There are 2 protein chains.
Amino acid sequence: MNAATFKERLKEKGCKLTTQRRGILDVLIENCDKHLSTEELYALVKERYPEIGLATVYRTVQLFEEMGIIDKLYFDEGCSRYELSHQEEHHHHHLICSKCNKVFEVENDLLAEIEAHIQDKYRFKVTNHKVTFYGHCEACSKNI
Amino acid sequence: MNAATFKERLKEKGCKLTTQRRGILDVLIENCDKHLSTEELYALVKERYPEIGLATVYRTVQLFEEMGIIDKLYFDEGCSRYELSHQEEHHHHHLICSKCNKVFEVENDLLAEIEAHIQDKYRFKVTNHKVTFYGHCEACSKNI
DNA sequence: GTCCATGCAAAAGTTTTGCAGGGTA
DNA sequence: TACCCTGCAAAACTTTTGCATGGAC
């Protein structure tokens, strides 16, 4: 996302473009393949802006989530993680290995069928989903 | 689950059958249609056993999860919730309404296909999954 | 009797909030 | 200038841990 678009989207919400918000977005974009916790995000942003406070990071990820820029994820930990929103093409899932705890991302759109079925049967209009599969990754399967 | 089976499964893990564990299991069974947080579970058990401590409830749900009696769920809150494990037939998902925040449960086994696909393509052996759909429930759709 | 389990309280960890000062528009 | 945003510190909240007592087997 470029600076102009970002600023515009902030403006829509009556928010300002600050150094910190831009810095946090940059780190998120540079780590778009990761699932950062708020602490990890804080550490990365702090490298560039050492004066930033943890509370600002918490407030910013809340804002970004409301704006639909990032999605909140829940794995089996005491904290939340975030990833850049996959927007319309939200057809990806997470695989968590129960042995090494690594998180893999996979592309898959078979869920559309299930969503159609749910909409049909339960009159529930699906707008988003979170799917996590647990099991053993290839490497760990070999080491059993 | 009857007392004898429960005791036996505890024994397998080298654990004892205590009043508190039995009480917590009873509350979970009586509320098998709900997704209780640890605090809610604590409050319900406390009605029957006022002397019980919160730490015991936390320790017990951890134990029950290890035993496969209950599953840990993550919704969009600061705490975990639990439900009785659906064992083999784990083909149910959660629908969360973004407006009223109610949680609905649905039965669906189309996921088997996706799991097969993942196993095939990513060499990832799926043993369990968590699926949550977000959207608008029937009632809230009508009130838009 | 042995050892596990419990309750309490303290600690640890994550997230939120209050407030005065500073920055953006 | 007006108002939003930030950093800091304190508070709130969930979960874990230590320890002495009590209970199951």
Side-chain angles (χ1 to χ4, degrees), chain A residues 3-4 6-27 35-67 69-70 72-82, chain B residues 3-4 6-27 35-67 69-70 72-82:
Chain A
F6 184 43
K7 189 167 177 178
E8 196 177 325
R9 296 203 41 196
L10 281 168
K11 203 171 176 181
E12 284 168 19
K13 272 192 78 80
C15 298
K16 291 172 182 168
L17 176 56
T18 64
T19 312
Q20 292 89 336
R21 283 175 183 166
R22 181 71 230 180
I24 290 171
L25 180 63
D26 286 341
V27 169
H35 311 103
L36 299 175
S37 68
T38 316
E39 281 286 349
E40 289 167 355
L41 184 53
Y42 171 60
L44 288 170
V45 180
K46 210 176 171 69
E47 288 177 10
R48 234 168 283 176
Y49 307 95
E51 72 292 344
I52 200 171
L54 180 56
T56 301
V57 180
Y58 271 100
R59 283 185 280 232
T60 304
V61 291
Q62 273 181 358
L63 175 65
F64 284 5
E65 200 195 354
E66 279 170 37
M67 292 171 66
I69 292 177
I70 56 178
K72 200 173 189 174
L73 308 171
Y74 302 93
F75 299 134
D76 192 345
E77 308 168 295
C79 64
S80 304
R81 292 183 173 275
Y82 294 89
Chain B
F6 183 44
K7 189 167 177 178
E8 195 177 326
R9 296 205 37 199
L10 282 168
K11 203 171 176 181
E12 284 168 19
K13 272 192 77 77
C15 297
K16 291 170 185 171
L17 175 56
T18 63
T19 313
Q20 290 89 337
R21 284 175 181 163
R22 182 71 230 179
I24 291 171
L25 180 64
D26 286 342
V27 169
H35 309 104
L36 299 175
S37 68
T38 316
E39 280 288 346
E40 288 166 356
L41 184 53
Y42 172 59
L44 288 170
V45 179
K46 211 175 170 68
E47 288 176 10
R48 236 168 281 176
Y49 307 95
E51 71 292 342
I52 199 170
L54 180 56
T56 301
V57 179
Y58 271 99
R59 284 186 279 233
T60 303
V61 290
Q62 276 181 357
L63 176 65
F64 284 6
E65 201 195 354
E66 280 170 36
M67 292 171 67
I69 293 177
I70 57 179
K72 200 173 188 173
L73 308 171
Y74 302 92
F75 299 134
D76 193 345
E77 308 168 295
C79 63
S80 304
R81 292 183 172 275
Y82 294 88

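Note on naming: letters A, B, ... go to the chains in the order of the sequence lines (proteins, then strands), and numbering restarts at 1 for each one. Because the structure is a prediction, the values reported are computed rather than measured.
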Are any non-hydrogen side-chain atoms of [X] and [Y] less than 4.5 angstrom apart?
X	Y	answer
A:Met67	A:Leu10	yes
A:Leu54	A:Glu39	yes
A:Ile52	A:Ile24	yes
B:Leu36	B:Val27	yes

Looking at [X], does any N or O in its side chain come under 4.0 Å of the phosphate oxygens OP1/OP2 on [N]?
X	N	answer
A:Arg21	D:dC5	yes
A:Gln20	D:dG7	yes
B:Thr18	D:dA24	no
A:Gln62	C:dT16	yes
B:Lys7	D:dC25	yes

Mind calculating the distance between [atom1] ([X]) and [atom2] ([N]) to the nearest angstrom?
X	N	atom1	atom2	result
A:Tyr42	C:dT14	OH	P	13 Å
A:Leu63	D:dC4	CG	P	13 Å
A:Glu40	C:dG13	CD	P	15 Å
B:Tyr74	C:dT15	OH	C1'	17 Å
B:Glu51	C:dT6	CD	P	11 Å
A:Arg22	D:dC5	CZ	C1'	17 Å

From the list [options], which nucleotide is the closest neighbour of the side chain of [X]?
X	options	answer
B:Tyr58	C:dT6, D:dT16, D:dC3	D:dT16
A:Arg59	C:dC4, D:dC8, D:dT16	D:dC8
A:Ala55	C:dG7, D:dA9, C:dA25	D:dA9
B:Cys79	D:dT15, D:dG7, C:dT15	D:dT15
B:Thr56	C:dT6, C:dG18, D:dT14	C:dT6

Q) Does any N or O in the side chain of A:Arg21 come within less than 3.5 Å of the main-chain N or O of A:Thr60, such that one atom is a donor and the other an acceptor? A) no
Closest to the 5' end of DNA chain C, once B:Gly14 and B:Leu54 are matched to their nearest nucleotides, is B:Gly14
Applying a 4.0 Å non-hydrogen cut-off, can you work out what [X] is touching in the nucleic acid: base, sugar-phosphate, or nothing?
X	answer
A:Ile52	sugar-phosphate
A:Glu77	nothing
B:Lys13	nothing

In B:Tyr82, B:Phe6, B:Tyr58, the residue satisfying ring-ring contact (aromatic ring centres under 6.0 Å, His included) with B:Phe64 is B:Phe6
Result for 5'-nearest mapping on DNA chain D, choosing between B:Lys11 and B:Glu39, is B:Glu39
Ranking B:Ser80 and B:Leu17 by the position along DNA chain D of their nearest nucleotide, the one closer to 5' is B:Ser80
